[in-house]
Amino acid sequence: MKRWILAMALLVAAPQAGAELKVFACEPEWAALAREVAGPQAEIFQATTAREDPHLVQARPALIAQLRTASLLVCSGADLEAGWLPLAVRQARNPAVQPGAPGHFLAADTVRLLEVPATLDRAQGDVHPQGNPHIQTDPRRMALVATALGERLATVDPANADDYRRRAADFARRLRTLQLSLEVQARGLRGARLVVHHAEWVYLFDWLGLQSAGALEPKPGLPPAAGHLAALKAELAAQPARGIVRSPLADPKPAQWLARETGLPVIELPHTVGATPDAVDLPALYGAIVERLLAGTR
Amino acid sequence: MAELRQAIAQLRKDYEVRISDLERRLKAAEHKPPTTAATPPAPRHPKTGATAPAPAAAPLPDPVAPPAAADVAAAPATPPRATDSAFNPAISLILEGIAAGYSRDPETWRLPGFQAAGHAGLPPEGLSLGHTELVVSANVDGWFHGQATLAVHTEDDSTDVELEEAFIDTLSLPAGFGLRAGRFLAHVGYLNLHHPHAWDFVDAPLPNQAFLGGQWYDDGVRLSWIAPTALYLELGVEVLQGGQYPVAGDSNDFVGGAQNYYLKLGGDVGTSHSWQAGLSYLRSEPSGRESGHGHDHADEAGEHFAFTGDSNLTVVDVVWKWAPDGNPRERNAKLQVEYFYRDEDGRLDFGSAAGGALLPYDGRQQGFYVQGVYQFVPRWRAGLRYDRIWSDNALAVAENGSGESDDDLLVESGLLDAGRDPHRYSVMLDYSHSEYSRLRLQYTRDYTLPEADDQVFLQYVMSLGAHGAHAF
C-alpha cells in the first residue's frame, strides 16, 4: 500500500520535477543570450529564425501554444514585435508572461536607444516611437542586457538565482573582453562612411564609430526605389563611401546595382546569430561582423 | 539573503539612475559631452578613449568621437516601455471606399434557396464608403483587456453607427482558461472572426452571406481553454443572446438563444508552412426570424415571412499559409477553405395586411468557398476565389388565409432554389504601398441568378493610428 502511495506521488510530482524553466525568445539573438545566461537546464524556444523579418511575423497558432507554457519571454521590445507579440501574449492567457509580469522581458528597456524620433508620422515609414529596436549588433549593450536578464531570471526562478547571476556576470565579462579586442582590430574603421540597406546597423555604427552614408531604403521598411538609388549614387559621387552593408535578409539586387554603379564593395554582415554560417553564437556574431567589415573595406 | 542582494542591486540601480540623470543635466547645462568618469556599466578601452578628442577642446560634439560608456545604459527619463501606448488605449481608424459596377440590376439580387438577411447583399452601385471602423483597445489592468469597435455604414440615404464589438477578455485566469464577455464576433468558422478590412476580397463569400448575414456578432459570453501542448488546441463554448440573424427571438433566456461550441487546432510544418483548422457547431432556436433587408420588402405592403424552429449550423475551416523560410516580405501565399452545413426544422409564418399563412419547413443547406492569395513580388498580391451554396428545402403550405395562391407563397418565401445553386468566380489584384494602405481591384462573375452578372470593384482600405496586430 505504502509503495502504491509512493508510486502515485512520484507520478504526480514527475511533471513538476521534469519541468525546467521554459524561455520563449522572439529572435535568434535573444535565444542565444538566453542559452548563455539561463544555462543548459532551460528549455529555449526560438520563435523566429535568422531568415525571418521580425517586423513581419504573425501571431501563429504555434507561437501562441509556446507562449501558453513559457515562464519567461525575451524579446527586443521597442515595438519591433508590435505586429504580433501583444496579440499572441494576450491569446496565450499565460499570467507569467503578460506585460508587467517578471516573465515579460524586453531587452530594449534595459539600454539607451538611438534614433528616438522627434516627430511621429507614418509618412516617415515604419518608425518606432521609442527608438531604433535593432540593438543586438552592439556588444556593449548586449552585455548590459545579459546582466539585466540574469537579474530577471533570478526573479522568475529564485531557486537558481545564484547560477543565473554568475552566468550573466561571466558572459558580460566575456563580451567586454571581446569588445575591447575587436575595437582594437577595428580602430582603422573609425569614421568610415558606409551605405546601409535598412536602418538596422545604427548600434553597430555607434559602437565602432562608423558613419552612415545613406540607406538603400528611402524610408525604413519601404523597398528601395530607382529614383532614390539614383540620388544616392549622385551623393556618393560627391562624398565617397567605403562600402555597402546589407544583411542576408535584405533583397540583394539594390545593393548589387549600386555596387556596379559606384564600384563600392558589398559587405554582407550577419544581423543576428545564425544569419551567416560563421555567426554561431553571440561572440562569434561580433567577431564575424568585424572580420567581414575589415575584409570588405580592405 | 537573495532578497537582500536584490534590494541592494535595486538600490544601486536607483543611485546609478540618479547619478546619470544628474550628469545629463550637467551636460545640458555645460553643452559638453559627458566624461568617461561616469559610473560605467561597460568600461571603455583606454586606447579608444585616447583617440577621442578631449571634451574641452571640442566645443561641438564630434560625430567620430566614441560614445561615453554611460550612453549605452537605459535612459532614466524615459517612461516604462512595457505597453504599446503608455496609458492611452490603442486607437486605430479604418477608412474604406468602394467603386462598384454591375452588368445586372443590383436591386434584383437574391440568393435562390436562401432567405438572406443581416448585412448580406451587394455593395451599392457606383461610389460608396465601405466600412469606416474605429477600434479602441487596451489592457484594463493585469486581469482584463477591453476592446470596442464602432462601425459606420452608409445604407441607402442613412448613415448608421453600429457597435460591432465591445468586450472584455480575461488575461490571467489559471490553467489556460479565458473568458470573454460583451459583444463580439461569434467564433463560427474563420473569416467571421476577422474584420472586413483584413479580408482578401471586397465582399464576404456566399456562404458567409447566406448563413451569417455577411458577418455575425452578438452579445454573450465565451469560455475557452488552450491546451498546454506544442500543438495549438483551443476548445470553447459561447452562449449568445441570439437576438438577430442568423438567430432571433428567445433573447431573454439566461443562457441565451444560441450556443456555439468550437475546436481550433494549429501548428507549423517546418519553417515555411503554418496552418490552422477549426470546427464549430452553433445550436439555436430562432423564433420569428425575419428575412430580407428592409428595403427588399418595403414595397410589398408589409408582407413578411418569419421562421420559428431549430437551426443548427456546422462549419469546418482550414487555413494554410506559406512563406519561404518564414519570411513573407518577398513572396507568400495563403489558402483558405470553409464549408458550412445548416439544418433547419420548423415553420414559416407568413403575414400581410390581408391575412396570414403557415408553411411547415424542413431545410438542409450547404455552402463552401475556397480562395488562394499569392504575393508574387513585394507589395503585389493576386487572388482567386470560388464560392457556392446549395439547398435542399422541403416546404409546403398547411394553412392559407392570406388570399394569395399557395404557389405564390412558396415562390415568395425565397426558399425554392428553382434548380439553381448560386455560385461565383472572383479574381483580385491588390497593391499595398505600406502595411497600412491597400488598393484593390476585383472582378466577379456571379451566377446566383439565371442571368450572370459581371461585377467590378475598386477598393481602398487604409488604417490609421495604432499598429493593429492581426490574428492568424
Side-chain angles (χ1 to χ4, degrees), chain A residues 48-49 51-53 56 58-62 64-66 68-69 77-79 82-84 86-87 90 92-95 98-100 104 106 108-113 122 125-126 130 138 140-141 143-144 151 154-155 158 161 176 179-180 183-184 187 190-191 206 209 211 221-223 249 251, chain B residues 2 6 9 41-43 45 47-48 51 63-67 69 71-75 78 80-84 139 142 145 169-174 176-178 226 228-233 264-268 271 274 276 321 325-330 378-379 434 436 467 469-472:
Chain A
T48 60
T49 67
R51 293 284 307 135
E52 277 176 80
D53 186 332
L56 300 177
Q58 288 193 316
R60 306 194 305 267
I64 298 167
Q66 292 293 336
R68 157 80 171 83
T69 52
D79 272 0
W84 63 278
L87 182 71
R90 209 159 65 231
R93 300 110 173 235
N94 179 355
Q98 294 297 327
H104 194 91
L106 301 180
D109 288 355
T110 64
V111 296
R112 200 175 74 83
L113 299 185
R122 290 250 163 85
D126 193 7
Q130 295 147 23
D138 178 355
R140 301 167 306 169
R141 285 181 165 82
L144 285 177
E151 285 303 318
T155 312
R176 276 172 200 151
Q179 168 215 332
L180 298 178
E183 279 171 11
V184 175
R187 65 189 178 281
R190 192 160 286 284
D206 182 56
Q211 276 190 293
L222 296 187
L249 206 57
D251 180 9
Chain B
Q6 219 170 302
H45 190 258
K47 245 186 194 159
T48 52
T51 56
V64 183
D71 275 5
V72 301
T78 50
R81 307 193 192 96
T83 55
D84 49 353
N139 283 352
H145 172 86
D169 267 333
T170 61
L171 296 171
S172 298
L173 286 187
F177 282 97
I226 299 177
T229 49
L231 173 80
Y232 181 83
L233 168 71
K264 197 153 105 181
L265 296 167
D268 287 348
T271 52
S274 49
Q276 179 182 298
K321 291 188 185 181
D325 294 323
N327 189 0
R329 191 179 278 283
E330 309 294 324
R379 297 174 165 186
S434 70
Y436 311 107
H467 202 301
H470 281 148
F472 181 79

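Below, chain A is the first sequence line, B the second, and so on; all start at residue 1. Just so it is clear, the structure is predicted and the values come from calculations on it, not from any experiment. Scope of the values below: all heavy atoms of this structure, side chains included, with no hydrogens, waters or symmetry mates.
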Measuring from atom CG of A/Leu249 to atom CG of B/Asn327, what distance do you get when rounded to the nearest 0.5 angstrom? 5.0 Å

Take A/Arg93 and B/Leu173 through the side chain to side chain contact (heavy atoms under 4.5 Å, CB included) test and state the conclusion after the steps. CA-CA 7 Å; A/Arg93 300 110 173 235; B/Leu173 286 187; over 6 Å; no

Does a salt bridge link A/Arg90 with B/Asp169, judged by any charged N lying under 4.0 Å from a carboxylate O? no

Heavy-atom pairs under 4.5 Å with chain B are the metric here; pick the option from A/Gln66, A/Gln58, A/Arg51 that has the most. A/Arg51

Greatest number of non-hydrogen atom pairs under 4.5 angstrom with chain A, of B/Gly266, B/Gly267, B/Pro228, falls to B/Pro228

Among B/Thr229, B/Leu231, B/Leu233, B/Asp268, single out the residue with the greatest number of heavy-atom pairs under 4.5 Å to chain A. B/Asp268

Part of A/Arg68 within contact of chain B (heavy atom distance under 4.5 Å): side chain

Using non-hydrogen atoms only, which part of B/Thr271 is less than 4.5 Å away from chain A: side chain, backbone, both, or neither? side chain

Which bit of A/Asp53 is near chain B, if near means a heavy-atom gap under 4.5 Å: side chain, backbone, both or neither? both

Interchain contact, B/Lys321 with chain A, by part (heavy-atom threshold 4.5 Å): side chain

Closest non-hydrogen atoms of B/Leu171 and A/Gln98, given as atom of the first, atom of the second and distance, are O-NE2, 3.6 Å

